[in-house]
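All remarks here apply to the structure that follows.
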Amino acid sequence: MAWRTLVSSPYCLLCFLVAAIVLHCPAFGAKKLAPHVVISPNDREQKQELRRVLFGGEPHLIFCSDERNTGVENFVQQVREEIGKKTDKIRTALVHCEQTLPTSGKTLRQNLKLKKGQAGEPIVVWSSNGDKPKQLTLTTYTSQAKKKTSKGKQKSVPVQLDAKKLSDYALKARVPKIKSIASNESIRKHCFSRKYQLCGLLLKKGKLSKNQKKFWVKASNLYRSVRFFTIDTSLYMLKGIDILESSGAVSLLLFRSQNYVYSGPQLASEDEAKIKEHAALVEAERIERKKFLSLPVKVEAIGPRVRVSYALKDIRSSFALESSHDPLPTFRKHEVESSADIDFAEIDKSNIVILIRTGEKGFLLDWDAGSFVLLNQASFGHDVGVSALADLQYQSLSLMNHENNKPDRTLNYLPFAGNIENGAEVSSFLKSSLHQDVP
């Protein structure tokens, strides 16, 4: 009778309803699972998904599924549940690593040079932040226990897979690090050789401030297909690239390989439309900029055909800051009056500008372009036409488009010209730059 009375009470019926909701409603304590995908490498339709898992930059725990690792699916589920307690920003993937890739004829395990484990020991790979996928050691995802021997001594033996231990590793390793670059070898290895990511260089005199570092770590989290590095411009310079610096400010420069392949998440249709619109604006701006920088300087028809000045950097900077500008006063201020003013042993070629006159039109060329024109005239008697001189002037005066100044001819570099402290402007620039449609 007591049980019937208890159940029939309206108050307790409400208690049962609340308990039912708590047990069955995800909003009340149900675990959130980390995003998961199953991939067959020999399926051409999953090529983009496999590329995203391996090279897209998002944090991924990759588990190899094959005959040796039966039961790995249960471990993956446990790991997903552990990760889901903290975040949904770490994805997991179950990949058939022994399947042959259509492109190479090798298995994925052979391509990634993965070592086989013992029966029952899963192969686990970590991929994140645009680094090369790496196979995790067994100690990263197994627990050990002390086992007493017959003589009373203790011996550590692997006893079980540890989902929490692997989850803890992934949660710590997913945080992007912004490293500094201090050598040619380092910049070519970590920056210029990336096929699936863009390299973002943060140029600043001195180290990033605490707030600046926080800002760019956040940007790294949001845009995993960009790997950021810093260069202290008080100690090092990026040869061939002029950056307009202000005290304490950061300059952003993106490098994108010409064989770059976007490997991040699939874009929504509205994002694709915005990127195409932005690409059209960038191209229109580039065309207008080229017209402006190709215009000849008006000079007197009588006078020397070739003049030299140490003013290239100042002229470039003034053109970058103004929509219309007469560079002749700046040129004359640093003009070389005679050969005695040039020390050929310590000549700074990067700052030399050569004014070549043709009639009343003068063209400002840097050392490489000017040497090319003068060598053709002196050695072969070939005069370069006005159209070619205009193109050479554009290349010489453009801060970022000079073909001969590129650190690597297989690279494109994209300067950010907006407000570096405006998150919306930086975000728009990064999002659009990730895609090959943007020139």
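In this chain, numbering begins with 1 at the start of the sequence shown. Every heavy atom of this structure was used, including side-chain atoms; hydrogens, water molecules and symmetry mates were not.
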Worksheet item: Quick one: CD1 on Ile352 to OG on Ser371, what's the gap to the nearest 0.5 Å?
Response: 8.5 Å

Discussion item. A side-chain contact here means heavy atoms from C-beta on lying under 4.5 Å apart; do Phe429 and Leu252 qualify?
Written reply: yes

Item to complete: Mark yes or no for whether Ser193, through its side chain, and Lys189, through its backbone, hold a donor-acceptor pair below 3.5 Å.
Response: yes

Fill in: Derivation and outcome, ring-ring contact (aromatic ring centres under 6.0 Å, His included), residues Phe192 and Phe255
CA-CA 7 Å; Phe192 295 161; Phe255 285 88; 4.9 Å; yes

Item to complete: Not counting sequence neighbours, which residues clear ring-ring contact (aromatic ring centres under 6.0 Å, His included) with Phe228? List them please.
Response: Trp216

Practice prompt. Considering only NZ, NE, NH1 and NH2 on the basic side and carboxylate oxygens on the acidic side, decide whether Lys164 and Asp168 come within less than 4.0 Å.
Written response: yes

Worksheet item: What is the minimum heavy-atom distance between Leu397 and Leu312, and which atoms define it?
Response: CD2-CD1, 4.2 Å

Worksheet item: Do side-chain atoms of Gln46 reach the backbone of Val38 as a donor and acceptor pair under 3.5 angstrom?
Response: yes

Fill in: side-chain hydrogen bond (donor to acceptor under 3.5 Å, both in side chains), paired with Arg109, selected from Gln99, Gln135, Glu98
Glu98

Worksheet item: With a 4.5 Å heavy-atom cut-off, do Leu392 and Ile356 have their side chains touching?
Response: no

Discussion item. Assess the residue pair Val53 and Gln48 against the criterion (side-chain contact (heavy atoms from CB on, under 4.5 Å)); give the C-alpha distance rounded to whole Å, side-chain angles, the decisive distance to 0.1 Å, and a yes or no.
Written reply: CA-CA 9 Å; Val53 166; Gln48 174 62 29; over 6 Å; no

Worksheet item: Does the Glu58 side chain pair with the main chain of Arg224, one donor and one acceptor, at a distance under 3.5 Å?
Response: no

Discussion item. With a 4.5 Å cut-off on side-chain heavy atoms, are Cys199 and Arg227 touching?
Written reply: no

Fill in: Pair Tyr260-Arg194, side-chain contact (heavy atoms from CB on, under 4.5 Å): steps then yes or no
CA-CA 8 Å; Tyr260 163 76; Arg194 292 181 177 272; over 6 Å; no

Worksheet, complete the sentence: Residues Arg357 and Pro304: closest non-hydrogen pair is NE-O, 3.4 Å

Item to complete: Could you walk me through whether Asp232 and Ser234 pass side chain to side chain donor-acceptor pair (under 3.5 Å), step by step?
Response: CA-CA 5 Å; Asp232 184 348; Ser234 66; 2.5 Å; yes

Item to complete: With sequence neighbours excluded, tell me which residues meet ring-ring contact (aromatic ring centres under 6.0 Å, His included) with Tyr196.
Response: Phe55

Discussion item. Atom CZ of residue position Phe416 - does it have more than 12 heavy atoms of other residues, nucleotides or ligands inside 6.0 Å?
Written reply: yes

Worksheet item: What distance do Tyr141 atom OH and Leu166 atom CG have between them, rounded to the nearest 0.5 Å?
Response: 8.5 Å

Discussion item. Quick one, Leu61 and Val76 - any side-chain contact, counting heavy atoms below 4.5 Å?
Written reply: no

Worksheet item: So Phe63 and Phe75, would you call those rings parallel, tilted or perpendicular, with 30° and 60° as cut-offs?
Response: perpendicular

Item to complete: Looking only at non-hydrogen atoms, find the nearest pair between Lys204 and Ser209 and report the distance.
Response: NZ-N, 3.6 Å

Item to complete: For Ser257 and Asn259, test the side chains for any donor-to-acceptor distance below 3.5 angstrom and give the result as yes or no.
Response: yes

Worksheet item: Salt-bridged, Lys431 to Glu425, with N to O below 4.0 Å?
Response: no

Worksheet item: Have His36 and Thr92 got a donor and an acceptor in their side chains that come within less than 3.5 Å?
Response: yes

Worksheet item: Does a salt bridge link Glu82 with Lys85, judged by any charged N lying under 4.0 Å from a carboxylate O?
Response: yes

Discussion item. Do Thr230 and Ile181 have side chains that approach each other closer than 4.5 Å (heavy atoms only, starting at C-beta)?
Written reply: no

Item to complete: Return the set of residues passing side-chain contact (heavy atoms from CB on, under 4.5 Å) with Glu421 (not counting sequence neighbours), or none when no residue passes.
Response: Asn419

Fill in: Whether Ser379 side chain and Leu375 backbone form a donor-acceptor pair below 3.5 Å
yes

Worksheet entry | Polar side chain donor-acceptor pair, Ser427 to Tyr223, under 3.5 angstrom | yes

Worksheet item: Got Glu300 and Glu360 here, is their nearest side-chain heavy-atom distance under 4.5 Å?
Response: no

Discussion item. One pair to check against side-chain contact (heavy atoms from CB on, under 4.5 Å): Ser220 and Ile178. What are the steps and the verdict?
Written reply: CA-CA 8 Å; Ser220 302; Ile178 300 178; 4.1 Å; yes

Fill in: Lys313 backbone acceptor or donor facing Tyr310 side chain under 3.5 Å
no

Fill in: Distance (rounded to the nearest 0.5 Å) between Leu253 CG and Leu202 CG
10.0 Å

Worksheet entry | Thr140 OG1 to Lys134 NZ distance, which is reported to the nearest 0.5 Å | 7.5 Å

Discussion item. On a heavy-atom basis, which atom in Val217 and which in Pro176 lie closest, and how many Å separate them?
Written reply: O-CG, 4.0 Å

Item to complete: For Ser263 and Val261, indicate whether the former's side chain and the latter's backbone hold a donor-acceptor pair under 3.5 Å.
Response: yes

Worksheet item: Is it true that Arg332 and Glu335 have a side-chain N and a carboxylate O under 4.0 angstrom from each other?
Response: no

Worksheet entry | Any donor-acceptor N/O pair, Ser40 side chain to Asn42 backbone, under 3.5 Å | no

Worksheet item: What do the steps show when you test Leu114 against Val125 for side-chain contact (heavy atoms from CB on, under 4.5 Å), and what is the final call?
Response: CA-CA 9 Å; Leu114 304 178; Val125 178; 3.8 Å; yes

Worksheet entry | Salt bridge present between Lys298 and Asp326 (N-O < 4.0 angstrom) | no

Discussion item. Atom CG of residue position Asn184 - does it have more than 12 heavy atoms of other residues, nucleotides or ligands inside 6.0 Å?
Written reply: no

Discussion item. With a 4.5 Å cut-off on side-chain heavy atoms, are Leu430 and Leu254 touching?
Written reply: yes

Item to complete: Report yes or no: does Ser127 contribute a side-chain atom to a donor-acceptor pair with the main-chain N or O of Leu54 at less than 3.5 Å?
Response: yes

Worksheet item: Nearest heavy-atom pair of Asn129 and Arg174: which atoms, and what distance?
Response: OD1-O, 3.5 Å

Worksheet item: Side chains of Val373 and Val384: does their closest heavy-atom pair fall under 4.5 Å?
Response: yes

Practice prompt. Taking all heavy atoms of Leu201 and all of Cys191, pick out the closest pair and write down the distance.
Written response: CD2-SG, 4.0 Å

Worksheet entry | Flag if over 12 foreign heavy atoms under 6.0 Å of NZ, Lys165 | yes

